[in-house]
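Read the structure below first, then the notes.
The shown structure was predicted, so the numbers you read here are calculated from the model rather than taken from an experiment.
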Amino acid sequence: MKYKVIGWTYYDNSKIKEMDYCNSAEEAVIDDIKANGYLFSGMHHQECPCGAPVLNNGKMLTFTQRSFGGVMASAHGKNSRMSYAEYAFDWYMGLDDEKSPYVFPSEERVFKGKVDKSLIETDLSEEFEYEATEKEYENATKNGELEFVYKDTKYRFMDTGDTILVKCGDKSQLFEITSLARYKRFTEDEQIALIMGNPLDPEAEKKADRLYEKKPQTIEMKLKAK
């Protein structure tokens with residue numbers, strides 16, 4: 001999806017509809033934070049007049065305080081297991097509004113009411129290509145499912161509503177993506193290790209951090225042939 005942030009507003013602005021969460025919209029928010037050097041917490045996201053991003057579909061994307069902490073952490077190059085905590089709460093960041101290096105969206109980027117309709121785009125879909133293995137291609141064409149390890153950043157903005165050309169040698173099939181999820185998949189034992197990784201047990205915490213950082217993301221999608 002060709003998402004981008006067109007402005008910011010306040011979390012409870014009832015004049016702007018909320019959109020459902022998706023990975024590609026989060027990537028757009030991360031890019032906007034990077035481009036503008038924003039720095040504020042998940043608490044600010046929910047409480048300040050300019051903390052909620054508005055995308056070019058005319059809707060705002062909202063998060064929990066912890067989830068937004070993860071977004072801010074990613075934008076600042078931090079992707080460890082507990083990075084979100086550093087940005088979730090302003091008191092945890094150890095800063096206060098008068099003396100801190102917080103950077104918020106400028107007033108001209110803030111929607112105090114409705115979105116400027118001239119900034120809204122109607123067709124944001126994209127087409128992607130994926131070179132599949134024989135097994136992946138068969139699963140896609142027979143079961144309408146595709147799953148692979150997320151390694152290539154060209155898939156950052158791939159999401160529900162986009163199309164994907166799945167190729168395997170001289171065979172190919174175009175699909176509409178009807179659902180998509182991107183996540184780290186852990187076994188039951190690995191989940192237990194992550195839960196046990198807390199500051200009260202430094203060795204367990206280090207083990208959990210290593211496990212989390214080594215685990216790649218998986219992209220899982222449902223497909224409909226076109």
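With sequence neighbours left out, the side chain to side chain donor-acceptor pair (under 3.5 Å) criterion links Ser125 to Asp123. By the side chain to side chain contact (heavy atoms under 4.5 Å, CB included) test, Gln65 is found to be paired with Met43, Gln46, Phe89, residues two or more places apart in sequence or in another chain being considered. Under the salt bridge (charged side-chain N to carboxylate O under 4.0 Å, His left out) criterion, Glu18 pairs with no residue, sequence neighbours left out. Remark: Glu134 engages Cys168, Lys171 in a side chain to side chain contact (heavy atoms under 4.5 Å, CB included) (not counting sequence neighbours). Scanning for salt bridge (charged side-chain N to carboxylate O under 4.0 Å, His left out) contacts around Arg66 gives an empty result, with sequence neighbours left out. Residues satisfying the side chain to side chain contact (heavy atoms under 4.5 Å, CB included) criterion with Tyr38, sequence neighbours excluded, are Trp8, Asp32, Ile33, Asn36, Phe40, Val103, Pro105, Arg109.
Note: Lys59 NZ to Ile120 CD1 = 10.0 Å, rounded to the nearest 0.5 Å. If you take OG1 on Thr62 and CD1 on Ile16, they are separated by 12.0 Å, rounding to the nearest 0.5 Å. Summarising the geometry, atom CG belonging to Asn139 is positioned 9.0 Å from atom OG1 belonging to Thr133; distances are rounded to the nearest 0.5 Å. Note that OG of Ser41 and CD of Glu47 are 9.0 Å apart. Values are rounded to the nearest 0.5 Å. Within the model, atoms CD of Glu176 and OG1 of Thr160 stand 9.0 Å from one another, a figure rounded to the nearest 0.5 Å. Between atom CE of residue Met221 and atom CG of residue Leu146 there is a gap of 5.0 Å, rounded to the nearest 0.5 Å.
Inter-residue side-chain proximity for Lys4 and Leu55 is flagged as unmet; no heavy-atom pair is nearer than 4.5 Å. For the pair Leu194 and Leu211, the minimum side-chain heavy-atom distance is below 4.5 Å. The shortest distance between side-chain heavy atoms of Asp162 and Met1 falls below 4.5 Å.
Screening residues 157-178 for ring-ring contact (aromatic ring centres under 6.0 Å, His included), with sequence neighbours left out, gives no hits. Screening residues 211-226 for side chain to side chain donor-acceptor pair (under 3.5 Å), with sequence neighbours left out, gives Glu145-Lys222, Arg182-Gln217, Tyr183-Glu220, Arg185-Glu220, Glu190-Lys215. Among pairs with a residue in residues 128-153, those fulfilling ring-ring contact (aromatic ring centres under 6.0 Å, His included) read Tyr130-Phe148, Phe148-Tyr155, at least two apart in sequence or across chains.
Other residues, nucleotides and ligands contribute more than 12 heavy atoms inside 6.0 Å of the NZ atom of Lys154. Around atom CG of Asn143, more than 12 heavy atoms belonging to other residues, nucleotides or ligands sit under 6.0 Å away. Counting non-hydrogen atoms of other residues, nucleotides and ligands closer than 6.0 Å to CD of Glu127 gives a total above 12.
The two residues Gly51 and Cys48 have their closest heavy-atom pair at N-SG, 3.4 Å. Nearest heavy-atom pair, Ser74 versus Lys34, reported as atom, atom and distance to 0.1 Å: O-CE, 4.2 Å. Closest heavy-atom contact between Asn13 and Met60: O-CE, 3.3 Å.
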Report task. May I have the step-by-step check of side chain to side chain contact (heavy atoms under 4.5 Å, CB included) for Met158 and Ile164, ending in yes or no? Result -> CA-CA 9 Å; Met158 184 167 64; Ile164 182 168; 3.9 Å; yes

Report task. Would you sort out whether His45 and Tyr11 count as a side chain to side chain contact (heavy atoms under 4.5 Å, CB included), showing the intermediate values? Result -> CA-CA 7 Å; His45 164 64; Tyr11 187 89; 3.7 Å; yes

Query - Test log, rule side chain to side chain contact (heavy atoms under 4.5 Å, CB included), inputs Ile177 and Leu223 - result: CA-CA 5 Å; Ile177 302 172; Leu223 306 171; 4.1 Å; yes

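Asp116 and Ser118 form a side-chain donor-acceptor contact under 3.5 Å, judged by distance and modelled atom types alone. Under 3.5 Å, the side chains of Tyr21 and Glu26 contain a donor-acceptor pair of N or O atoms.
Aromatic ring centres of His76 and Tyr87 lie closer together than 6.0 Å.
Cluster annotation: Leu61 and Tyr3 are assigned to the same hydrophobic cluster (Ile/Leu/Val/Met/Phe/Trp/Tyr, side-chain heavy-atom contacts under 4.5 Å, transitive). When the side chains of ILVMFWY residues are joined at heavy-atom separations under 4.5 Å, either directly or via intervening members, Phe68 and Val54 end up in two distinct hydrophobic clusters. A continuous path of ILVMFWY side-chain contacts below 4.5 Å connects Phe104 to Met72, so both sit in one hydrophobic cluster.
Between Lys2 and Glu121 there is no salt bridge, since no side-chain N of the basic residue sits under 4.0 Å from a carboxylate O of the acidic one.
Clustering of Ile, Leu, Val, Met, Phe, Trp and Tyr by side-chain heavy atoms under 4.5 Å joins Leu174 with Leu165. Taking Ile, Leu, Val, Met, Phe, Trp and Tyr as hydrophobic and joining them when side-chain heavy atoms fall under 4.5 Å apart, one finds Ile192 in a cluster with Met196.
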Solution key, residues 202-210 side-chain donor-acceptor pairs under 3.5 Å, sequence neighbours excluded:
residue, atom, partner, partner atom, Å
Asp209, OD1, Arg81, NE, 2.9
Asp209, OD1, Arg81, NH2, 3.2

